[in-house]
Every structure is written in C-alpha cells, then in structure tokens.
Amino acid sequence: MANIAKFNADGLIPAIVQEESTGRVLMMAWMDSHALAYTIATKRGTYWSRSRSEYWIKGLTSGHFQTVTSLALDCDGDTVLMQVVQDGAACHTGSHSCFDVHPVFED
C-alpha cells in the first residue's frame, strides 16, 4: 500500500466495510496493526473488539464470513475502506447491514 496507515492514540483505525457487488456499507469496526496485517494476509475481515479486548474474524462464530476483495486507505491514511463479499449477515443483529435501520435524516 502506497499510503501508510495512521492509527489513533489507542492504536486503532476505523474500517468501513462495503459490499463489493452493491457498494452498500455493511458495517464499521476497529482494527489495530495486527488485525490489518492479518486481514491483508488472509483476505478475511479481522477486527479488534474494544468491548471484549480480543480479535475477531468475522464469521468464525456466525458462519457469515467476509472475503476481502480490496482494501484502501483514505487520503489522510486514518480510515480503511474494505470491499468484501459478504456471506450472510454482516450485523450481529442478523441484518445484512448494520445500517438496516430508519435513517436519522433523509432528504
């Protein structure tokens, strides 16, 4: 990657996960340098859980894996954008997207 990832004071970077086929945003999660490197190496969405203080590979528990097809940093290097092939629900609620809710604002 040409850009260098810039992690926050907690050593984390936000990852926006987008469905490759539709462009739909599925979820946002946090990554540290290990999760980012593991995601690149395995092409599996891997994140750092702030609430559980542990790594999680999307799908190990639910069976709803994310196969990463591309990964990019934004212009500042402080946000990751991942495109994935999502197998099943992305959200822990069972919804396909964590954003399957009524919009706060819609014009």
Side-chain angles (χ1 to χ4, degrees):
M1 292 173 39
N3 296 343
I4 296 175
K6 296 177 186 167
F7 298 90
N8 68 18
D10 295 324
L12 301 173
I13 191 168
I16 307 300
V17 182
Q18 184 179 38
E19 190 167 40
E20 179 190 52
S21 62
T22 64
R24 183 178 184 189
V25 174
L26 298 176
M27 59 181 273
M28 183 286 229
W30 294 95
M31 301 175 117
D32 66 2
S33 60
H34 175 77
L36 181 58
Y38 193 82
T39 295
I40 292 168
T42 64
K43 303 210 179 345
R44 294 281 185 201
T46 305
Y47 310 99
W48 175 254
S49 171
R50 296 178 303 160
S51 61
R52 295 187 314 261
S53 295
E54 65 183 17
Y55 293 102
W56 55 284
I57 299 170
K58 185 70 176 148
L60 280 187
T61 302
S62 67
H64 300 158
F65 288 95
Q66 293 174 340
T67 303
V68 179
T69 58
S70 72
L71 192 144
L73 293 171
D74 74 343
C75 60
D76 296 322
D78 61 2
T79 303
V80 174
L81 177 63
M82 293 190 332
Q83 289 196 333
V84 303
V85 174
Q86 178 67 47
D87 179 12
C91 186
H92 72 283
T93 66
S95 292
H96 187 68
S97 168
C98 292
F99 296 94
D100 284 344
V101 295
H102 299 288
V104 174
F105 173 80
E106 189 172 53
D107 190 16

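Trp48 and Met28 fall within a single hydrophobic cluster, where Ile, Leu, Val, Met, Phe, Trp and Tyr side chains are chained together by heavy-atom contacts under 4.5 Å. A continuous path of Ile, Leu, Val, Met, Phe, Trp and Tyr side chains, each step under 4.5 Å between heavy atoms, connects Phe7 with Val80, placing both in one hydrophobic cluster. In this structure, Leu81 is not a member of the same hydrophobic cluster as Leu26, with clusters built from ILVMFWY side-chain heavy atoms closer than 4.5 Å.
Across all their heavy atoms, His96 and Gly88 have their closest contact at ND1-O, 3.4 Å. Contact record, Thr46 with Thr39: N-OG1, 3.1 Å, taken as the closest heavy-atom pair. Minimum interatomic distance between Val17 and Tyr47 (heavy atoms only, all atoms of both residues): CG2-OH, 3.4 Å. Asp78 approaches Pro14 most closely through the heavy-atom pair O-CD, 3.3 Å. Nearest heavy atom pair, residue Lys58 against residue Ala90, reads NZ-O, 2.8 Å. For Gly94 against Ala89, the heavy-atom pair with the smallest separation is O-CB, 3.3 Å.
Contact check for Thr61 versus Trp56: no side-chain heavy atoms found under the 4.5 Å cut-off. By the 4.5 Å heavy-atom criterion applied to side chains, Met82 and Met31 are counted as neighbours. The shortest distance between side-chain heavy atoms of Leu73 and Ile13 falls below 4.5 Å.
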*Step by step, would you call Asp10 with Trp30 a side-chain contact (heavy atoms from CB on, under 4.5 Å)?*
CA-CA 11 Å; Asp10 295 324; Trp30 294 95; over 6 Å; no

_Worked verdict on Arg44 versus Val68 for side-chain contact (heavy atoms from CB on, under 4.5 Å)_ = CA-CA 6 Å; Arg44 294 281 185 201; Val68 179; 5.9 Å; no

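To the nearest 0.5 Å, atom CG of residue Asp74 and atom CD1 of residue Ile16 are 9.5 Å apart. For the atom pair Ser21 OG and Gln86 CD, the distance stands at 10.5 Å (nearest 0.5 Å).
Counting non-hydrogen atoms of other residues, nucleotides and ligands closer than 6.0 Å to CZ of Phe65 gives a total above 12.
Side-chain atoms of Gln18 never come within 3.5 Å of backbone atoms of Gln83 as a donor-acceptor pair (strictly under, hydrogens ignored). For Ser97 (side chain) and Val25 (main-chain N/O), a donor-acceptor pair under 3.5 Å exists by modelled atom type. Between the side chain of Ser95 and the backbone N or O of Thr93 there is no donor-acceptor pair closer than 3.5 Å.
Residues that satisfy the side chain to side chain contact (heavy atoms under 4.5 Å, CB included) test with His34, not counting sequence neighbours, are Asp32, Tyr55.
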